[in-house]
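Accompanying notes for the structure given below.
On a predicted model such as this, the values are computed, not experimentally measured, just so you know.
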Amino acid sequence: MKRYFCLLLIVLLFSSVFTGSTSAKKKSNLKADLIVKNGDVYTVDENRSWAEAVAVRDDEILYVGDDEGVAAFKGTDTRVIDLKGKMLLPGFIDSHAHAYLMAESLFWLDITNYSTLEEYKQAIKDYLKEHPGIKQLRGVGFNQNLIESSGLTPKEWLAQVVPDIPAVFISSSHHDIWVNSKALENAGIDKNTPNPQGGIIERDLKTGEPTGIFREFSAQNLVISALPQPDFTVQQFKEALLAFQEMAAKNGVTSVFVPVHYPTENLLKAFEDLDNAGKLTLRYDLGLWADETKGTEQIGRFKEARDNYQGELYKIDTIKIFSDGVGDNQLVWDQDILEETVAALDKEGFRVYIHAIGNQEFYPSGNSLDAFEYAAEVNGKRDSRHVITHLDWVGEDDVARFRDLGVIPVPQPAWFGNDWYADVRGEELKNLNRMNSYFEAGIPVASSSDFPSTSEFLSDFRPFTGIEVGITRLDRDKTDQTDLKKVLWPKEKASLEEMITSYTINGANVIFAEDERGSIEVGKKADLVVLDKNLFEIPETEINETKVLLNLFEGKEVFRDPTFINAFYIKTLVEQFEEDGEFANHGVARSLQAHLDTVVRLEEREAAKRVIKHMQRFNQLLDKHKKEGVISVDAYNTLKTFIDSLIKKWKKDCKEDFGSQVDIE
């Protein structure tokens, strides 16, 4: 808040940086649907300015400025949220998250958290018992070291538990699968089957027979494509995306880049269905997977998909390429074919998004940059915004090449605090993952999570985790002998301002949306998140404890924490429940809304004692409707939870205003 007033003095001296200050005069005849005021609004605009209030009309920001100026936009139907000093930020943008893989946790067997073979066996048996008659078993989270401790090949151990149907488990990194003998038989794979380009079929050193482990996607697809159901259904993908959106909303994410790592028409149909039904509550940018075995011959299919699948809230303009694998010092693509394919995609107007991890002897970022350089030589430079993601090992010379070629790095900052790098590769090595170097070079680096990687800390989807670790570079696991956490490669620490930028306006830049998202400015989409604390006023090591209180996507509430509710929000729930058929008749909804209309007016007047009394009566009415059987259990429980939270909040406010002895029962 105090920072705002300092910046305000500068604004008054050098002209207004609050876009809303001038907009108020031009648009004062327009009335807002929503006003948020009395907050610490960090706009992330070009000047990184601060404000107090924001007005929203329909899905756009109408005003940004001070509390006095926003008053001109208040109409009779305008909702007003008093932030009471809370922080307001642009919605976060995750520049690498596999949203569709939420389907794995919903529809597959997850063995990630099991640590013994006996636990694996019991979990598989229980799953098969609960799903009688299934034609295949799919799972996620296997540990190869654990499997090999059995003394059997992986396929043999799994065949003992699942002998009669194909069984396929994928690792948390998603770069390896473990299969049983039936899956091999079903796919017709034996010791004579050659490794596909970029993939590895692990084999017994003596017999040459496959062991049941397949590395990288070209090898995995030999097995998966032959399964009775190689992909999730459209309905399963729809359920997965809805579940992902719920998680994203709670974490303040409003846009996401989704790299797809296998061919899946069903996923595109799911996006199309949800978009047409108005059920998407995120802005999605999709990247289709390029098969390293097919080179340029697949570009026609990509163009067809781009033409057929473009919605209001999702689009296809990107192709995802795996430059290297995980754990092996090898390139997935032949370099000549990689360069030819990248150039051909660039010519067709696609943005190319390359996965490159690497290690200290192996720099796939260089190989990828070579491909982008070749494309620029062949096609000429354009505003392509090609991307390289992960980038655990980047040479100093490569940073300048990123800048000169206009290639955007997309790391996962939460990984920076994994002490594996320091312990295994040495803390002083010069090629660990970077952050500060990109900012110093003027490169618009964007941050991401790589959801749903579930190995140790790699599962962190929360932007606050990445922001904190990007600033502190602290080892998030072990401590040194002085019981102080290690700082991993301190020269690459970024500032709080830079880390927020990497999750907002720079993320918008990655998806060509910087003119409509990524900052709080007049005319942009109203993607806004309210935080329970000001990130600039708390210790760096407490940033990950921050909570999202409210998430607005294009002006619509997609998440509200129970501690940040009001009567208007509960009224919208009642309207939604009626629309969904959760009430026996319209009279039920009307009776509840009548109470809430009164409470909305009382809240605006901050009449705490009267709010409490009316909400207690609302609770009694809820109980009556439940007893009469005219409200569903889900609707009753949800409304009851929010009403109790609202009463608790106003009781607290009432005691603070009038003292603990005031009778508010």
- Query: Ignoring hydrogens and geometry, is there a side-chain-to-backbone donor-acceptor pair from Arg351 to Val510 under 3.5 Å?
  - Reply: yes
| Cationic N near anionic O, under 4.0 Å, Asp317 to Arg306 | no
In His390, Gln412, His96, the residue satisfying side chain to side chain donor-acceptor pair (under 3.5 Å) with Ser448 is Gln412
Glu118 and Gln122 side chains, donor-acceptor separation under 3.5 Å
no
Rounding to 0.5 Å, atoms OG (Ser171) and NE2 (His175) come to a distance of 7.5 Å
> In terms of side-chain heavy atoms, does Thr465 have a donor or acceptor partner in Asn544 at a distance below 3.5 Å?
Replying inline: yes
Test side chain to side chain contact (heavy atoms under 4.5 Å, CB included), reference Asn266, set Tyr100, Phe232, Phe237, output is Phe237
Separation between CG (Asn509) and CD1 (Ile408), nearest 0.5 Å, reads 4.5 Å
One should read off an interatomic distance between Leu286 CG and Phe257 CZ, to the nearest 0.5 angstrom, of 8.0 Å
Closer than 3.5 angstrom, by distance alone: can the side chain of Asp94 be matched with the main-chain N or O of Val256 as a donor-acceptor pair?
no
Query raised in the report: Take atom CD in Glu542; do more than 12 heavy atoms of anything else shown fall under 6.0 Å from it?
Result: yes
Here the pair of heavy atoms bringing Pro452 nearest to His174 is CG-CE1, 4.2 Å
ask   = Is a donor on one side and an acceptor on the other found under 3.5 Å between the side chain of Gln136 and the backbone of Gln229?
value = yes
Mark yes or no for whether Gln197, through its side chain, and Val332, through its backbone, hold a donor-acceptor pair below 3.5 Å.
yes
Exercise for the section: Begin with the C-alpha distance, continue with both residues' side-chain angles, and end with the deciding distance and a verdict on side-chain hydrogen bond (donor to acceptor under 3.5 Å, both in side chains) for Gln335 and Tyr374. Expected result: CA-CA 11 Å; Gln335 184 65 23; Tyr374 176 76; over 6 Å; no
Do Lys303 and Ile299 make a side-chain contact, defined as non-hydrogen atoms from C-beta onward lying under 4.5 Å apart? yes
Would the distance check show the side chain of Lys315 and the main-chain N or O of Ile511 forming a donor-acceptor pair, the cut-off being under 3.5 Å? yes
Can you find a pair of side-chain heavy atoms, one from Leu241 and one from Lys279, that are under 4.5 Å apart? no
Between Ser218 (side chain) and Gly199 (backbone), is there a donor-acceptor pair under 3.5 Å? yes
* To do: Would you please say whether a donor-acceptor pair under 3.5 Å links the side chains of Glu498 and Tyr438?
  => no
Closest non-hydrogen atoms of Ile316 and Ala305, given as atom of the first, atom of the second and distance, are CD1-O, 3.8 Å
| So, do Leu288 and Leu268 sit near enough that their side-chain heavy atoms are less than 4.5 Å apart? | yes
Value for OG (Ser149) from CG (Asn143), rounded to nearest 0.5 Å, stands at 8.5 Å
In terms of heavy-atom contacts, Leu282 and Ser255 come closest through CD2-N, 4.0 Å
Side chain of Asp110, backbone of Ser105: donor and acceptor closer than 3.5 Å? no
Any Met247 side-chain heavy atom under 4.5 Å of Met102 side chain:
yes
inquiry  = Main chain of Ile165, side chain of Asn180: is a donor-acceptor contact present, judged purely on distance under 3.5 Å?
reply    = yes
Legend entry - Ring-ring centroid check Phe244 Phe461, cutoff 6.0 Å: yes
| task | Without swapping roles, check the side chain of Asn221 against the backbone of Ile224 for a donor-acceptor pair under 3.5 Å. | result | no
One should read off an interatomic distance between Lys155 NZ and Phe214 CZ, to the nearest 0.5 angstrom, of 9.0 Å
Leu280 and Phe271 have their tightest heavy-atom pair at CD1-O, 4.2 Å
Rounded to the nearest 0.5 Å, the CG atom of Leu267 sits from the CD atom of Glu272 at a distance of 11.5 Å
- Which class fits the ring pair Phe142 and Trp178: parallel under 30°, tilted 30 to 60°, perpendicular over 60°? tilted
Any salt bridge linking Arg401 with Asp370? Criterion: basic side-chain nitrogen under 4.0 Å from a carboxylate oxygen. yes
Student check: side-chain heavy atoms of Tyr262 and Pro230 closer than 4.5 Å:
no
Original post:
Would you find more than 12 non-hydrogen atoms of other residues, nucleotides or ligands less than 6.0 Å from Phe302 atom CZ?
Top reply: yes
Scanning both residues in full, the closest heavy-atom pair of Tyr127 with Leu109 reads CD1-CB, 3.9 Å
* Assign the ring pair Phe322 / Phe217 to parallel, tilted or perpendicular, where the plane angle (0 to 90°) is split at 30° and 60°. => tilted
Original post:
Regarding Glu540 and Thr472, is there a side-chain donor-to-acceptor distance under 3.5 Å anywhere?
Top reply: no
Exercise for review: Please determine if Arg301 and Asp291 form a salt bridge, counting it only when a charged side-chain N lies under 4.0 Å from a carboxylate O.
Suggested key: no
Only one of Arg215, Gln220, Gln144 passes side chain to side chain donor-acceptor pair (under 3.5 Å) with Asp176, and that residue is Arg215
| task | Would you mind reporting whether Trp333 and Ser323 have side-chain heavy atoms less than 4.5 Å apart? | result | no
So does Ala249 get a backbone contact from the side chain of Asn551, meaning a donor-acceptor N/O pair under 3.5 Å? yes
When every non-hydrogen atom of Arg138 is compared with those of Leu227, the smallest separation belongs to NH1-CD1, 3.6 Å
